[in-house]
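First comes the structure, then the notes that go with it.
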Amino acid sequence: MATSPDQQPPAGPVTAEPAPATYVATAEGQEAETVSDRPVFQVRLENFTGPFDLLLSLIAKHKLDVTEVALAVVTDDFIAHIRGQEAWDLSQASEFLVIAATLLDLKAARLLPRGDVEDAEDLELLEARDLLFARLLQYRAFKQAAADLDTAWQRAGRSFPRQVALEPRLAALLPELVMQIGPEDLAQLAAKALAPRPEPAGVDVSHLHAPVVSVREQAAHIAGRLRRLRRASFRTLTDDAGSTAVVVARFLALLELFRQGVVAFDQAGPLGDLSVHWTGGQDEQIDVGEEYDDYDDHGGQQTRTEEDQ
Amino acid sequence: MTDPEEPAWAGEELLGAVEAILMVTETPLATEQLATVLGVPVPAVADALAALAEELDTSPRPRGLELREAGGGWRFYSAPAFAPAVEKFVLDGQTARLTQAALETLAVIAYRQPVSRGRISAIRGVNVDSVVRTLLTRGLVEEAGQDADGGATLYRTSSYFLERLGLRHLDDLPPLAPYLPDIDTLEDIDGTGEGE
Amino acid sequence: MTDPEEPAWAGEELLGAVEAILMVTETPLATEQLATVLGVPVPAVADALAALAEELDTSPRPRGLELREAGGGWRFYSAPAFAPAVEKFVLDGQTARLTQAALETLAVIAYRQPVSRGRISAIRGVNVDSVVRTLLTRGLVEEAGQDADGGATLYRTSSYFLERLGLRHLDDLPPLAPYLPDIDTLEDIDGTGEGE
């Protein structure tokens with residue numbers, strides 16, 4: 001329990017939290033001073049209680065209104081922050097990745113020419129953005145409520161209730177206890193209290209994370225298909241995906257392959273099908289995954305021990 | 001004195017009797033409970049409590065105690081002004097601050113109760129199992145039955161929560177930010193986290 | 001305020017500080033103890049205690065409380081003049097039986113003594129302050145010094161407890177093993193409960 005990320009010392013206001021190195025350059029003088037002697041990228045996830053917290057903090061850093069966020073900047077920072085993490089709690093990582101994927105999606109959408117909202121995918125994208133903002137707004141409201149509770153907690157915490165044991169004279173007036181149990185019952189009660197409590201329903205979240213989709217594996221899969229087909233639409237490449245997680249992983253894999261210069265994209269028109277073609281050699285090795293999948297190295301399910309939660 | 005026809009205590013005697021009982025109670029006392037025990041009409045007890053509280057608040061010298069209503073009843077508290085002196089004697093760590101994670105989780109439970117852990121997770125974007133256990137252990141939240149749909153355990157805040165925050169009722173909670181997005185939409189979103 | 005050269009509290013402020021501490025402390029307090037913690041000379045605290053006691057005794061209205069020294073320390077008591085009201089309140093709703101919560105807490109103390117409230121809370125998963133006070137009031141458990149680490153008060157069962165259960169020694173308590181699923185696991189649980 002003591003090492004749980006939720007037992008961290010209370011975080012200060014968002015703007016007072018340590019920022020990744022990328023902010024040092026952009027932060028105002030005063031903030032830069034307090035941050036400057038921190039080693040680069042020594043940002044700990046523990047400073048943020050969740051992806052929304054991080055996102056809000058990034059938005060605050062850039063002094064942007066949450067409803068009109070310059071997504072490109074925030075997305076880059078969000079990804080940079082995620083990269084800066086050395087050790088991940090899997091259940092947290094998945095949440096952060098979901099947000100990161102959504103942000104990437106939206107950032108990508110920004111790069112597309114703007115047109116009338118006709119395509120279903122376009123609508124989905126808008127929906128995804130609205131959903132993200134709605135959740136972010138909701139989180140911000142609760143964060144504000146938490147600050148209110150903190151104020152009340154601290155104010156009330158300065159005054160202590162009188163709750164003392166009964167005066168001996170009055171205790172003597174109490175009716176003589178009927179001891180309704182014997183030593184054996186007592187032992188049973190003790191055993192029950194001391195025995196490992198079954199985890200309350202809902203603690204086991206392993207099914208949420210299994211199977212973990214490896215971007216590296218999906219990249220290999222896509223590369224294999226593209227070497228064979230030379231050209232395929234994103235739709236085709238994800239037709240056997242089976243789950244959203246796999247689609248996301250393949251999308252990320254494609255971005256990685258594009259960065260390595262082994263694929264090129266082609267689109268007939270705005271929001272048209274994304275056509276992908278292989279530009280690498282037939283035997284060219286791909287090297288994907290060290291960024292996306294290195295949380296795998298920390299062992300997935302097995303290491304998600306009690307302390308991590 | 002126990003004559004049911006006649007109020008047992010009145011005037012300054014009633015003040016003293018209420019004061020005496022408040023000295024030995026372990027829990028906040030509801031006005032009604034005091035009235036029953038003393039055999040006195042509820043309004044008379046309410047007046048006595050108000051008079052005692054005011055006497056302390058308007059005392060010519062700084063008083064070490066105050067009488068407040070919180071968490072469903074009245075109780076003596078040490079005066080906040082003397083917190084630095086009192087803290088050294090109070091052992092149960094009540095002065096400990098709650099972590100940001102605990103505060104945020106507590107806020108979601110307070111405003112969305114009864115609520116499942118899955119729902120809280122969906123709102124906060126992180127797993128909240130450990131924090132909810134801590135809040136349970138500290139007596140700030142309690143179980144409130146099962147979700148009709150999925151059977152998930154629901155949680156609500158306790159009366160200790162109210163007392164600890166100096167609130168009389170849940171209605172005393174400050175309103176959630178007015179710019180909170182449409183709740184119906186969010187119900188759906190929240191619902192996705194329920195599977196946990 | 002913590003300057004060792006200067007008394008931290010004086011005059012009416014000292015009265016208020018002493019009053020505040022006495023209102024909420026769980027045990028009677030010796031004059032010396034108050035003086036040490038407040039950083040005030042013993043005679044000053046003695047004067048403050050006497051002044052507070054006199055203020056209550058000479059109050060223009062009948063007071064429900066009094067300040068007395070007994071058992072090596074000072075403590076507020078309900079005033080004997082209001083004993084009929086207080087006794088009625090204390091006996092009202094009292095049963096001669098222990099609640100399930102009290103029995104479970106008693107069982108944990110019996111098998112893990114000496115043990116702090118924090119540890120019991122961690123084991124039982126709920127706040128046990130009130131239940132432990134009940135067991136103290138009932139004489140079934142007693143204080144057993146302080147934890148070497150954190151200074152938390154430790155509790156053990158009393159000889160009255162043995163008597164009521166018909167046991168000669170603690171060794172006569174039945175072994176837990178037959179009721180436990182797995183001793184190894186149990187050791188772990190004990191170890192981890194502390195983090196709280």
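Everything numeric here is computed off the predicted structure, so don't read it as measured data. Chain letters run A, B, ... following the sequence lines, proteins first and then strands; every chain starts at 1.
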Only pairs of heavy atoms separated by less than 4.5 Å count here; which of C:V18, C:L29, C:T25 has the most with chain B?
C:L29
Evaluate the side-chain proximity of B:F89 to C:V24: yes if any heavy-atom separation is below 4.5 Å, no if none is.
no
Could you work out, with side chain to side chain donor-acceptor pair (under 3.5 Å) as the rule, every residue matching C:E32, not counting sequence neighbours?
none
Counting only non-hydrogen atoms closer than 4.5 Å, does B:T36 touch chain C with its backbone (N, CA, C, O), its side chain (CB onward), both, or neither?
backbone
Could you pull out the closest heavy-atom pair between C:P62 and B:E13, with the gap in Å?
CG-OE2, 3.7 Å
Nearest 0.5 angstrom please: C:K88 NZ to B:L38 CG, how far?
7.5 Å
Which atom names give the shortest non-hydrogen contact between C:A85 and B:W9, and what distance separates them?
CB-CZ2, 3.5 Å
Grab the two heavy atoms, one from C:A20 and one from B:V86, that are nearest each other, plus how far apart they are.
CB-CG2, 3.6 Å
More than 12 heavy atoms of other residues, nucleotides or ligands under 6.0 Å from CD of C:E54: yes or no?
no
I'd like to know which of C:Q33, C:E66, C:E55 tops the heavy-atom pair count under 4.5 Å against chain B.
C:E55
Interchain contact, C:L22 with chain B, by part (heavy-atom threshold 4.5 Å):
neither
Counting heavy-atom pairs under 4.5 Å with chain B, which one of C:S78, C:A81, C:G16 comes out on top?
C:G16
Should the pair B:R63-C:E12 be classified as a salt bridge under the 4.0 Å nitrogen-to-oxygen rule?
no
If we only count heavy atoms from C-beta on, is the C:F76 to B:M23 side-chain gap below 4.5 Å?
yes
For B:R168, does the CZ atom sit with more than 12 other heavy atoms under 6.0 Å from it, leaving out its own atoms?
no
Might you point out which heavy atoms bring C:E19 and B:G64 nearest each other, and give the distance in Å?
OE1-N, 2.7 Å
Give, as side chain, backbone, both or neither, the part of C:E87 having an atom under 4.5 angstrom from any heavy atom of chain B.
neither
Filtered by a 4.5 Å non-hydrogen cutoff, the part of residues 157-164 of chain C contacting chain B is none
What part of C:L15 gets within 4.5 angstrom of chain B, counting heavy atoms only: side chain, backbone, both, or neither?
both
Which pair of non-hydrogen atoms, one from C:S121 and one from B:T137, has the smallest distance, and what is that distance?
O-CG2, 3.9 Å
First locate atom CG of B:L65, then atom CG of C:L65, and finally report the distance between them rounded to the nearest 0.5 Å.
8.0 Å
